[in-house]
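I have placed the structure first, in the form of structure tokens, so that the comments after it can refer back to it.
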Amino acid sequence: MNTTERQDLYTEVNELLDIFNEFAANQSGTGFAMESIKPCITEMIDYIMKDATEAASMKDWLDRTDFWTAPASTRFHGNFKGGLSLHTLMVIKQSLVFAHPLLENFFASPEAEKYTVRAYDIFVAALCHDFCKTGFYGVEYRNTKDITGNWVKQPFYKTKNENRNLGHGNESVLMMLEILPSMINNRMVIEAVSRHMGFSDLSDSETFNYSNFLQNPLVVLLQTADQTAAQWFGM
């Protein structure tokens, strides 16, 4: 990447971070108000997705699915209503925070000449990485005692039995391509979304050349963002 391309990258990364910080203002600790998630992500989409048709397609898909209300898991991070959208926003934020130090280090490597990284690519990869979790969970109920000792029905999330899954990352790739057909030739983003779970989401045959994917800086960036959002911030 030349100097101008890198300057444009970091300018747009900082603009996206400014949008996040605008909605995160006056919130204590590492929390983020649930009612701020949708307007924050929507404003980011409007800023970074220059193609109005693609931006409209993305926003329509988010509203048609249960993206804004689904959990991010059944037992771990984000196992509550809206957990998926909160986790996604935190992965976007972590991707933007790590973008400058990680990419500057990458640009000094022999692999740098093979990749041109855009803020658009970072944002789309982070936004789409867990799209496979939409429509994935259902609500069931179990009997449990409340604080007074009375039996009540307690709701909990459970993975739907009828799910058919090609793999966590690959399912998200399919959804991303349905919404944004132009991404079909953007192998850098496809690889990042497909491999964002590292070894934990691969078949035995896929692990054979897994290390090759780590040459792609967006794979490393998205994995780092995903893990830190969940493990450092619990989101």
Side-chain angles (χ1 to χ4, degrees), residues 1-27 30-32 36-52 54-55 58-59 62 85-109 111-131 169 172-173 176 179-180 182-183 185-196 213-233 235:
M1 293 179 64
N2 60 42
T3 302
T4 300
E5 289 172 331
R6 286 162 69 169
Q7 287 176 343
D8 290 343
L9 162 65
Y10 296 135
T11 295
E12 291 186 335
V13 163
N14 289 336
E15 290 289 340
L16 288 168
L17 274 174
D18 284 345
I19 293 172
F20 177 88
N21 291 330
E22 173 190 347
F23 284 93
N26 301 321
Q27 296 180 32
T30 57
F32 196 95
S36 299
I37 297 171
K38 182 175 180 178
C40 183
I41 291 178
T42 299
E43 188 166 326
M44 287 179 167
I45 290 171
D46 289 336
Y47 169 75
I48 199 65
M49 300 184 73
K50 311 302 183 186
D51 186 310
E54 287 196 341
M58 178 60 73
K59 290 184 287 187
L62 295 174
S85 59
L86 175 59
H87 170 68
T88 299
L89 179 57
M90 291 305 297
V91 172
I92 293 171
K93 180 249 187 178
Q94 292 296 94
S95 295
L96 299 171
V97 168
F98 285 119
H100 191 280
L102 190 149
L103 292 175
E104 279 302 293
N105 188 265
F106 172 75
F107 292 146
S109 75
E111 297 296 322
E113 63 182 21
K114 299 179 182 179
Y115 295 92
T116 297
V117 186
R118 302 174 299 168
Y120 171 87
D121 299 324
I122 296 171
F123 175 78
V124 169
L127 175 63
C128 298
H129 82 283
D130 267 353
F131 274 6
S172 291
V173 168
M176 177 182 71
I179 305 162
L180 305 175
S182 65
M183 299 299 289
N185 293 317
N186 193 327
R187 189 175 182 91
M188 181 173 64
V189 173
I190 291 174
E191 288 180 353
V193 175
S194 175
R195 296 295 183 256
H196 79 268
F213 289 101
L214 299 180
Q215 296 172 2
N216 178 346
L218 196 52
V219 171
V220 178
L221 179 60
L222 187 56
Q223 287 182 6
T224 303
D226 189 30
Q227 291 298 320
T228 55
Q231 304 303 325
W232 292 0
F233 296 99
M235 298 182 190

What I'd like to find out is whether the side chain of [X] reaches to under 4.5 Å of the side chain of [Y], using heavy atoms alone.
X	Y	value
M58	V124	no
L214	Q223	yes
H196	D130	yes
F20	L16	no
E12	I48	yes

H129 and side-chain contact (heavy atoms from CB on, under 4.5 Å): which single residue from I92, V91, V189 fits?
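With H129 as partner, side-chain contact (heavy atoms from CB on, under 4.5 Å) holds for just one option, V91.
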Exam field: side chain [X] to backbone [Y], donor-acceptor pair closer than 3.5 Å:
X	Y	result
S172	F131	yes
N21	L17	yes
N105	P101	no
S194	I190	no

Specify whether F98 and W232 have parallel, tilted or perpendicular ring planes, treating 30° as the upper limit for parallel and 60° as the lower limit for perpendicular.
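Ring orientation, 0 to 90° scale: perpendicular.
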Can you tell me how far apart [atom1] ([X]) and [atom2] ([Y]) are? Round to the nearest 0.5 Å.
X	Y	atom1	atom2	value
K114	M188	NZ	CE	14.0 Å
N14	H100	CG	NE2	8.0 Å
Q94	D226	CD	CG	10.5 Å
E43	S36	CD	OG	11.5 Å

Check the pair L9 / I122 against side chain to side chain contact (heavy atoms under 4.5 Å, CB included), numbers first and verdict last.
CA-CA 10 Å; L9 162 65; I122 296 171; 4.0 Å; yes
Closest non-hydrogen atom pair, [X] against [Y]:
X	Y	value
L221	A99	CD1-N, 4.0 Å
A126	T88	O-CG2, 3.8 Å
D121	L218	O-CD2, 3.8 Å
M1	Y115	CG-O, 3.6 Å
I19	Y47	CD1-CB, 3.9 Å
L180	Y120	CD1-OH, 4.2 Å

Flag for T116-E5: side-chain donor and acceptor within less than 3.5 Å:
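Checked: E5/T116 side chains show no N/O donor-acceptor pair below 3.5 Å.
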Pairing of R195 and E191 as salt bridge, 4.0 angstrom limit
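Salt bridge between R195 and E191, a charged N being under 4.0 Å from a carboxylate O: no.
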The test is side chain to side chain contact (heavy atoms under 4.5 Å, CB included); show your working for I45 and L127 and say whether it passes.
CA-CA 9 Å; I45 290 171; L127 175 63; 4.3 Å; yes
Check the pair F23, M44 against side chain to side chain contact (heavy atoms under 4.5 Å, CB included), reporting the backbone distance first and the verdict last.
CA-CA 11 Å; F23 284 93; M44 287 179 167; over 6 Å; no
Given side chain to side chain contact (heavy atoms under 4.5 Å, CB included), test R6 with L103 step by step and report yes or no.
CA-CA 10 Å; R6 286 162 69 169; L103 292 175; over 6 Å; no
